[in-house]
> 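Starting off with a structure, shown below.
In what follows, every chain begins at residue 1, and chains take the letters A, B, ... in the order their sequences are listed.
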Protein chains: 2
Amino acid sequence: MLDVAEELVQRRGFNGFSYADVARELGITTASLHYHFAGKEDLGKALIARYSARFFAALGEIEASVEDSTQRLRAYFNLYADVLRKDRLCLCGMLAAEFRTLPELMQAAVISFFETNEKWLAKVLDAGREQNALHFSGSPTDEARMIVGSLEGAMLVTRPLGDMRRFQAAADQLLTSLSLSRQMAEHR
Amino acid sequence: MLDVAEELVQRRGFNGFSYADVARELGITTASLHYHFAGKEDLGKALIARYSARFFAALGEIEASVEDSTQRLRAYFNLYADVLRKDRLCLCGMLAAEFRTLPELMQAAVISFFETNEKWLAKVLDAGREQNALHFSGSPTDEARMIVGSLEGAMLVTRPLGDMRRFQAAADQLLTSLSLSRQMAEHR
DNA sequence: GTCTATAGGCAGATAGAC
DNA sequence: GTCTATCTGCCTATAGAC
């Protein structure tokens, strides 16, 4: 149920799908859907909550299984690539576009997703720089924000153009610029 | 008429506004709107056409009035910042999110916008590198794609978070990394 | 939990008078 | 060009039977 709705939102947007779409796909009626999610806002909140939980769990998984900072970044970028490969946008990236049309509680949940996401990334960046494995000029927070924006934007623009390599090129370039050992160090 | 519709699409998305919204704002009826734009798709096509024309005219203006490559980039980034300052997304960035729900001709027009946009930017980047004013590792085309994605994404994520400085920080970082003279040169 | 049935509203769109 | 009036369809949502 959430699976079907999630796919629809990530592909078509929150304003681009209906209860009827979800119900048809599941072979049930819209009335049944309303039993589980009284209103579309409830469904939306549930979707963000589950997506966030899964995403942050994946971040924890990366921390647990990957030591190297560069490899952690690579794994992090892969989370986005996996979404895009399924011809979807990041759920919260899509909702960010539709932000002005969303109920308040959904807006707050979207903001919270990005803040937590960027906080985790900033931590990884900070640690990587500490170990002299990653190199960037500004604060870890600013760098994290820049990276999240770039990844979300790369997904956004890649999908219409339909060439997955475009996203990969952007991700590779981010990774390269962070890994190059001499470039930024000289300017600190 | 197009002004009102454009604002609505850039703020709320193509699926997030109606003929009634436009008509109300203008003090006319939806029937009158249908006289000028038979269907929503026609309105959408007209919006993209005008937005693209205006955007590309602005690019021409930059070429005509600014010589320095770095300053051209700065002016280019400012086009995006100006849109965001009005609490809007790039029209085609918004439509890229909703891509899967758009009529075919609108999809084609969105793709065309990005291709022309990136072609212009790649030309500026190439010239700048030629003059040793800009520095990047891959092809001008790849770099242009990366920049467009980053700018679109920065707008996307900045708006919900509501802090314009976030976009500026991302733009500055792009500009800085392109301007630094030593970093990439060593790795060519 | 799922159904049928239906409400009430708004969407995009059209006919025809002025 | 703009209007009134209207259509048809889809949307979210609810009542109540099974």
Side-chain angles (χ1 to χ4, degrees), chain A residues 1-51 89 91 94-95 97-110, chain B residues 1-51 89 91-92 94-110:
Chain A
M1 211 145 157
L2 287 170
D3 287 340
V4 172
E6 187 178 70
E7 176 181 330
L8 284 165
V9 176
Q10 290 182 266
R11 292 228 174 104
R12 307 177 50 87
F14 194 70
N15 297 324
F17 86 105
S18 70
Y19 267 49
D21 295 325
V22 182
R24 192 181 325 112
E25 184 80 20
L26 292 170
I28 61 172
T29 64
T30 61
S32 300
L33 255 186
H34 276 284
Y35 171 81
H36 297 278
F37 303 99
K40 212 182 176 186
E41 173 173 2
D42 302 278
L43 176 53
K45 283 187 294 185
L47 285 174
I48 303 174
R50 196 182 67 144
Y51 187 86
L89 283 193
L91 180 74
M94 179 62 88
L95 296 177
E98 300 175 293
F99 195 75
R100 292 275 109 88
T101 72
L102 300 179
E104 269 184 38
L105 287 178
M106 283 183 66
Q107 292 188 346
V110 169
Chain B
M1 213 146 151
L2 288 169
D3 288 340
V4 172
E6 187 178 69
E7 176 181 329
L8 283 165
V9 176
Q10 289 183 266
R11 293 229 174 103
R12 306 176 51 86
F14 194 70
N15 298 324
F17 87 104
S18 70
Y19 268 49
D21 295 326
V22 181
R24 194 182 322 115
E25 183 80 19
L26 292 170
I28 60 173
T29 64
T30 61
S32 300
L33 255 186
H34 275 284
Y35 172 79
H36 297 278
F37 303 99
K40 210 181 177 185
E41 173 174 2
D42 301 278
L43 175 53
K45 283 187 293 184
L47 286 174
I48 303 174
R50 195 181 68 143
Y51 187 87
L89 281 193
L91 179 75
C92 290
M94 179 63 88
L95 296 177
E98 300 176 292
F99 196 74
R100 292 275 109 89
T101 72
L102 300 179
E104 269 184 37
L105 287 178
M106 284 183 65
Q107 292 189 345
V110 169

> Grab the CG-P distance between A/L43 and D/dT12 for me, whole Å please.
10 Å
> At under 4.0 Å between heavy atoms, which parts of nucleotides 3-18 of chain C does protein reach? Answer with one letter per nucleotide, 5' to 3': B base, S sugar-phosphate only, - none.
BB------SSBBB---
> Within the distance-only criterion (no hydrogens, no angle test), does the side chain of B/Q107 pair as donor or acceptor with the backbone N or O of B/F99 below 3.5 angstrom?
yes
> Taking B/E98 for the side chain and B/F14 for the main chain, is one N or O donor matched with an acceptor at less than 3.5 Å?
yes
> Would you say A/Y19's side chain and A/T29's backbone share a donor-acceptor pair under 3.5 angstrom?
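No, A/Y19 side chain to A/T29 backbone: no donor-acceptor pair under 3.5 Å.
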> Short question: side chain of A/Q10, backbone of A/M94 - any donor-acceptor pair under 3.5 Å?
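Side chain of A/Q10 to backbone of A/M94, a donor-acceptor pair under 3.5 Å: no, none is there.
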> Minimum heavy-atom separation for B/L95 and B/V110, please, with both atom names.
CB-CG2, 3.7 Å
> Rounded to the nearest Å, what distance is computed from the OH atom of residue A/Y35 to the P atom of nucleotide D/dA15?
15 Å
> If I compare all heavy atoms of A/I48 with all of A/A109, which pair ends up nearest, and what's the gap?
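Where A/I48 meets A/A109 most closely, the heavy atoms are CG2-CB, 3.7 Å.
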> In sequence, state the C-alpha distance, the side-chain angles, and the governing distance for A/M1 and A/L33, and then conclude on side-chain contact (heavy atoms from CB on, under 4.5 Å).
CA-CA 8 Å; A/M1 211 145 157; A/L33 255 186; 3.2 Å; yes
> Output the residues of residues 99-108 of chain B in contact with DNA chain D, where contact means a heavy atom of the residue under 4.0 Å from an atom of the strand; sort by number or write none.
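Under 4.0 Å from DNA chain D: no residue of residues 99-108 of chain B.
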> Side-chain contact test, heavy atoms from C-beta onward, threshold under 4.5 Å: evaluate it for A/V4 versus A/F17 and give yes or no.
no
